[in-house]
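Have a look at the structure below, then the notes.
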Amino acid sequence: MALYDIKKLLSENTYPGRGIIIGKSADGKNAMIAYFIMGRSVNSRNRIFERFDGGMRTKAFDESKLSDPSLIIYNPYLAYENKDIITNGDQTNTVYDFVKEGKTFEDALYTREFEPDAPNFTPRISGMITYEKGDFSYKLSILKSANGRPEICNRYFYNYESECGIGHFIHTYKCDGNPIPSFYGEPEEIALPNTAEELADIVWTNLNEDNKVSFFVRVIPLDGSEASEIIINKNV
């Protein structure tokens, strides 16, 4: 049994920020990846997810309201050969470039640190699935300041073997606040359903209505058949 209930984690937290979920479906047939973004400012809320060949990007919903693209416009998802990469910032491209050069997820993230958005110093959260021999393993990471001290970046890495019905959830913030407190501790172990539709319903329904912005889920059958995906944008 999973340690945490994703519905409870989300419904009781008005601002987990951005979140990544990776794991295996309950029936053991699929890998599952999900990512959501939230926002408190007009700039952060003015976004949608848009799929493109090989990845997914954030995009301004109303270009006239885009005031600062530096930390809000990026590729959250990129695919490379037998890997799926998902992150909350432009470090997606850093990981992609390093992996393409034969280097590692960890190598890439040792070149990055938390976001320069004082006083929050938002953590960079990242995940990567590697598919091999009809199954997969996955990694998660968080890069965060040392209790809000901008001169120190602590880097945490977690490695998982796939397990039926189990996923791991990591998010940028512990909860709402000013400044916003960073996530701490290990990624939260949660139960996963079987389908993209089920996971989308669980997550989107339980995210705070005022602060949720966009959601992406990708479910990859381990038998090699076609993946299924859902994108939900509050701005439509």
Side chains of [X] and [Y], donor plus acceptor under 3.5 Å:
X: Asn208; Y: Tyr15; answer: no
X: Asn93; Y: Asn75; answer: yes
X: Glu198; Y: Thr195; answer: yes
X: Thr87; Y: Thr92; answer: yes

Practice task
With sequence neighbours left out, write down each residue that passes ring pair (Phe, Tyr, Trp, His ring centres under 6.0 Å) with Phe157, or none if nothing qualifies.
Solution key: Tyr110
State, to 0.1 Å, how close [X] and [Y] come at their nearest heavy-atom pair, and which atoms those are.
X: Asn82; Y: Glu132; answer: ND2-CG, 3.9 Å
X: Gly17; Y: Thr172; answer: CA-OG1, 3.5 Å
X: Ser228; Y: Ala196; answer: OG-CB, 4.0 Å
X: Ala200; Y: Phe215; answer: CA-CE2, 3.4 Å
X: Ala2; Y: Ala191; answer: CB-N, 3.3 Å
X: Gly127; Y: Ile22; answer: CA-CD1, 3.9 Å

For atom [atom1] of [X], decide whether the heavy atoms of other residues, nucleotides or ligands shown that lie under 6.0 angstrom number more than 12.
X: Tyr158; atom1: OH; answer: yes
X: Glu101; atom1: CD; answer: yes
X: Phe52; atom1: CZ; answer: yes
X: Lys212; atom1: NZ; answer: yes
X: Lys83; atom1: NZ; answer: yes

Between [atom1] of [X] and [atom2] of [Y], what distance do you get to the nearest 0.5 Å?
X: Asn211; Y: Thr14; atom1: CG; atom2: OG1; value: 6.5 Å
X: Leu207; Y: Met38; atom1: CG; atom2: CE; value: 5.0 Å
X: Ser126; Y: Asn88; atom1: OG; atom2: CG; value: 6.5 Å
X: Asp135; Y: Leu222; atom1: CG; atom2: CG; value: 6.0 Å
X: Ile232; Y: Ile230; atom1: CD1; atom2: CD1; value: 6.5 Å
X: Asp90; Y: Ser70; atom1: CG; atom2: OG; value: 9.0 Å

For the hydrophobic clusters of this structure (ILVMFWY residues joined by side-chain heavy atoms under 4.5 Å, transitively), does one cluster hold both [X] and [Y]?
X: Ile190; Y: Val203; answer: yes
X: Leu199; Y: Ile125; answer: no
X: Ile21; Y: Met32; answer: yes
X: Leu140; Y: Ile86; answer: yes
X: Ile48; Y: Val213; answer: no

Under 3.5 Å, side chain of [X] to main-chain N/O of [Y], donor-acceptor pair present?
X: Ser225; Y: Pro221; result: no
X: Lys24; Y: Leu192; result: no
X: Asn43; Y: Ser67; result: yes
X: Thr111; Y: Ala108; result: yes
X: Asn233; Y: Ser214; result: no
X: Arg155; Y: Leu109; result: yes
X: Asp107; Y: Lys103; result: no
X: Arg47; Y: Ile72; result: yes
X: Asn13; Y: Lys8; result: no
X: Ser141; Y: Tyr156; result: yes

Practice task
Could you give me the CA-CA distance, side-chain angles and deciding distance for Asp27 and Ser25, then say whether side-chain hydrogen bond (donor to acceptor under 3.5 Å, both in side chains) is met?
Solution key: CA-CA 5 Å; Asp27 59 15; Ser25 62; 2.6 Å; yes
Handout entry: Test of ring centre spacing under 6.0 Å for Tyr80 and Tyr96
Key =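 Here the rings of Tyr96 and Tyr80 have centres that are less than 6.0 Å from each other.
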Problem - Aromatic ring proximity, centroids under 6.0 angstrom, His171 and Phe169 - result: yes
Exercise for the section: Measure the acute angle between the ring planes of Phe136 and Tyr131, then classify it against the limits of 30° and 60° as parallel, tilted or perpendicular. Expected result: tilted
Got a salt bridge between [X] and [Y], using NZ or NE/NH1/NH2 to carboxylate O under 4.0 Å?
X: Lys139; Y: Glu106; answer: yes
X: Arg124; Y: Glu113; answer: no
X: Lys29; Y: Asp223; answer: no
X: Arg18; Y: Glu115; answer: yes
X: Asp210; Y: Arg40; answer: no

With a 4.5 Å cut-off on side-chain heavy atoms, are [Y] and [X] touching?
X: Ile180; Y: Asn178; result: no
X: Ile231; Y: Met56; result: yes
X: Phe114; Y: Ser182; result: no
X: Lys144; Y: Phe183; result: no
X: Val99; Y: Phe105; result: no
X: Thr58; Y: Phe49; result: yes
X: Tyr77; Y: Phe216; result: yes
X: Asp97; Y: Lys100; result: no

Problem - side chain to side chain contact (heavy atoms under 4.5 Å, CB included) between Arg218 and Arg51, worked out - result: CA-CA 11 Å; Arg218 175 174 168 83; Arg51 193 68 163 87; 3.7 Å; yes
